[in-house]
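Pasting a structure below so you can have a look.
Since the structure is predicted, the reported quantities are computational estimates derived from the model, not experimental observations.
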Amino acid sequence: MRQDSPNLPLLDALMRHYDELVDHVRRRFGDKNFAHEVVHEVYMQVVRTRPHEQDGTPLALLKHISTCKAIDLQRAATSRNQWQESVNAVPDINLHHSDGEEILHGKQLIDALEIAIGDLPPRCREVFVLHKLQEMSQDEVATQLGISRKMVGKHMERAMSAIRPIWSGAHAGNDDATMRASLAPPLRPRFPAPETIIRGAAKRRTVRKIAAMAAVLLLSTGLAWLIDPAYDTRQVVTGAGRTSTLTMADGSRIQLNTDSELRIESRLFSRRITLLRGEAGFDVAHTYRSFVVEAHRTTVTDIGTVFDVRNQEDGALVSVQQGAVEVRSDSGPPLVLTADQSVRSSDGKLERLADLEPGQSGAWRRGKLYFNATPLREAALDMQRYLAQPVVLADARIGDLRLSGEYNIKDVNDLLRVLPTILPVTVKRSPGAIVISATSATPGNTAK
């Protein structure tokens with residue numbers, strides 16, 4: 001047993017008084033599922049921060065922490081629900097219009113929506129199907145799936161964000177009267193019945209409860225600091241010019257960029273990804289297990305987010321599209337990044353970068369190379385990743401030239417063809433390399 005863990009009394013108290021803490025939160029806030037979520041959040045907080053004991057009993061301290069955590073979660077839920085109400089209306093589609101073209105259009109739209117809903121993470125898809133297709137209230141969905149009302153709102157926000165672009169594009173050519181019938185009837189038969197979804201959720205709750213109590217038991221004896229065995233390991237590789245997308249068993253999605261390699265370890269208490277080379281994007285599903293990405297002396301811990309990690313020669317580049325991550329390196333304090341923020345680690349140190357432009361973070365996931373006054377030496381390295389030949393700058397001066405714009409990853413050769421019309425350079429190809437040289441008109445000060 002580790003004798004230097006100052007929070008073992010708290011963990012022991014949490015294990016012994018788990019039901020009492022849940023009841024304490026339920027009596028004040030009136031929702032048993034919410035109370036379970038609060039106590040689980042308190043457990044995760046104690047594990048992460050290992051707070052020092054204060055005056056009074058451990059149980060009293062845990063009750064105080066639980067009350068504060070519940071207030072914080074409710075405030076966050078109130079803000080989220082205000083936004084959710086403004087986007088929660090699902091469009092209507094009419095498949096009974098007498099115009100055959102409109103009927104065909106409606107069926108195509110239903111097919112597109114089915115694909116979009118099917119691509120949602122499993123828990124998000126279940127919430128959407130029960131709430132929008134089976135017409136359960138959000139409170140009923142929370143009860144049936146054993147999650148909080150706040151989580152239902154978060155899943156619905158994500159589902160609507162995925163579906164609305166499809167709806168907006170289809171609705172542009174139709175008036176409201178043409179699109180008035182309900183979405184639910186044509187889509188409902190294409191997804192599992194509510195009984196099937198609810199049975200699956202009940203099984204998951206049983207597994208989570210057993211795993212969580214096992215974790216608390218191990219932590220209370222100090223063993224979990226030493227034991228986190230991997231029960232499944234897999235390696236994923238992409239070649240030059242190719243990308244790959246995979247979905248983990250828990251619903252997390254990983255997109256691997258060109259010429260990249262990573263190792264995935266599913267462990268008892270964590271999900272650990274090692275980015276060995278290249279770049280990957282992560283869309284993380286929330287479970288009781290932590291999600292950690294390691295890349296070149298840099299550790300990224302998910303707090304609930306969509307983010308990218310790129311291996312570099314002396315460190316890593318981390319950028320966030322949604323949510324937040326905690327980034328650590330060999331020295332210095334950790335940094336927490338939120339949406340459109342990025343950090344570079346170099347030689348074991350972290351450096352915050354300027355906030356990203358909209359569309360810049362994760363552009364490669366959309367098949368785009370995004371440059372925003374990017375030095376040509378850096379842009380050339382990005383281009384080279386999608387080409388079989390190396391891209392060489394013949395003159396060091398032109399490395400300071402700045403390139404901006406969004407270009408198609410699948411046609412980097414086209415970018416090289418037009419590059420002389422954008423910057424004062426020439427591009428020549430040889431069997432061994434693509435050489436970018438300065439033109440005679442290139443000024444001495446090349447930073448444009």
Side-chain angles (χ1 to χ4, degrees), residues 6-85 88 123-124 127 131 137-158 201 204-206 208-213 215-217 219-220 284-291 301-305 323-324 326 336 338:
N7 62 330
L8 291 183
L10 283 183
L11 287 169
D12 183 60
L14 192 152
M15 182 179 66
R16 288 185 289 107
H17 299 289
Y18 183 89
D19 291 336
E20 185 177 346
L21 287 169
V22 170
D23 192 55
H24 167 74
V25 177
R26 181 195 59 77
R27 287 198 306 271
R28 177 161 181 178
F29 297 91
D31 185 332
K32 189 172 182 179
N33 288 325
F34 176 69
H36 276 286
E37 180 184 357
V38 169
V39 176
H40 180 69
E41 290 286 335
V42 171
Y43 155 69
M44 294 302 297
Q45 178 178 330
V46 171
V47 170
R48 286 195 302 264
T49 64
R50 305 171 68 182
H52 292 285
E53 295 292 338
Q54 300 176 3
D55 293 337
T57 66
L59 177 58
L61 176 58
L62 286 169
K63 285 184 176 181
H64 173 72
I65 295 173
S66 299
T67 300
C68 294
K69 178 64 68 176
I71 293 171
D72 290 342
L73 291 176
Q74 281 208 333
R75 286 174 178 169
T78 299
S79 299
R80 183 176 295 277
N81 289 338
Q82 289 174 347
W83 183 91
Q84 176 69 27
E85 292 301 323
N88 205 32
R123 304 295 84 79
C124 181
V127 168
H131 181 47
S137 71
Q138 293 198 11
D139 288 333
E140 288 178 309
V141 173
T143 299
Q144 293 294 345
L145 296 185
I147 59 178
S148 69
R149 176 65 164 73
K150 182 194 78 170
M151 283 304 301
V152 172
K154 289 175 66 175
H155 284 311
M156 282 303 304
E157 172 188 339
R158 182 169 185 172
R204 290 195 302 272
R205 287 200 300 274
T206 300
R208 283 199 302 267
K209 186 172 182 179
I210 293 172
M213 293 308 295
V216 172
L217 180 61
L219 285 168
S220 69
V284 182
H286 294 184
T287 76
Y288 66 90
R289 295 183 298 159
S290 60
F291 193 101
T301 303
D302 170 71
I303 302 176
T305 187
E326 180 188 78
V336 174
T338 56

> So which heavy atom on F29 is nearest to which on T67, and how close?
Replying inline: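 Minimum heavy-atom separation between F29 and T67: CZ-O, 4.2 Å.
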>> Would you compute the distance between atom CD of E41 and atom OG of S148 and round it to the nearest 0.5 angstrom?
In response: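 So the CD of E41 and the OG of S148 are separated by 9.0 Å.
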> Which of these, R28, R27, E20, sits in a side chain to side chain contact (heavy atoms under 4.5 Å, CB included) with H24?
Replying inline: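 Answer after filtering R28, R27, E20: R27.
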> Salt bridge between D72 and K69, side-chain N to carboxylate O under 4.0 Å?
Replying inline: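 Not counted as a salt bridge, because no side-chain N and carboxylate O are separated by less than 4.0 Å.
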> Quick one: are I147 and E37 in side-chain contact, heavy atoms under 4.5 Å?
Replying inline: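 They are not in side-chain contact.
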>> Can you list everything that forms a salt bridge (charged side-chain N to carboxylate O under 4.0 Å, His left out) with E326? Sequence neighbours excluded, please.
In response: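 So E326 forms a salt bridge (charged side-chain N to carboxylate O under 4.0 Å, His left out) with R328.
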> For R26 and A35, which heavy atoms make the closest approach, and how far apart are they?
Replying inline: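 Taking every non-hydrogen atom into account, N-CB, 3.7 Å.
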> What is the minimum heavy-atom distance between V336 and A324, and which atoms define it?
Replying inline: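 That closest heavy-atom pairing would be CG1-CB, 4.4 Å.
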>> Just to verify, what does S290 make a side-chain hydrogen bond (donor to acceptor under 3.5 Å, both in side chains) with, not counting sequence neighbours?
In response: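 For S290 there are no side-chain hydrogen bond (donor to acceptor under 3.5 Å, both in side chains) partners, ignoring immediate neighbours.
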> Which heavy-atom pair separates A142 from R149 by the least distance, and what is that distance?
Replying inline: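 Minimum heavy-atom separation between A142 and R149: CB-N, 3.9 Å.
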>> Contact between V152 and D139 at the side-chain level, heavy atoms closer than 4.5 Å - yes or no?
In response: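 A side-chain contact is absent here, since even the closest heavy-atom pair is not under 4.5 Å.
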>> How close do V127 and H155 get, counting heavy atoms only, and between which atoms?
In response: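 Minimum heavy-atom contact is CG2-CD2, 3.7 Å.
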>> How long is the straight-line distance from CE of M156 back to CE of M151, given to the nearest 0.5 Å?
In response: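 So the CE of M151 and the CE of M156 are separated by 13.0 Å.
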>> Using every non-hydrogen atom in the two residues, find where L145 and A201 come nearest and quote the distance to one decimal.
In response: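 So the two residues come closest at CD2-CB, 3.6 Å.
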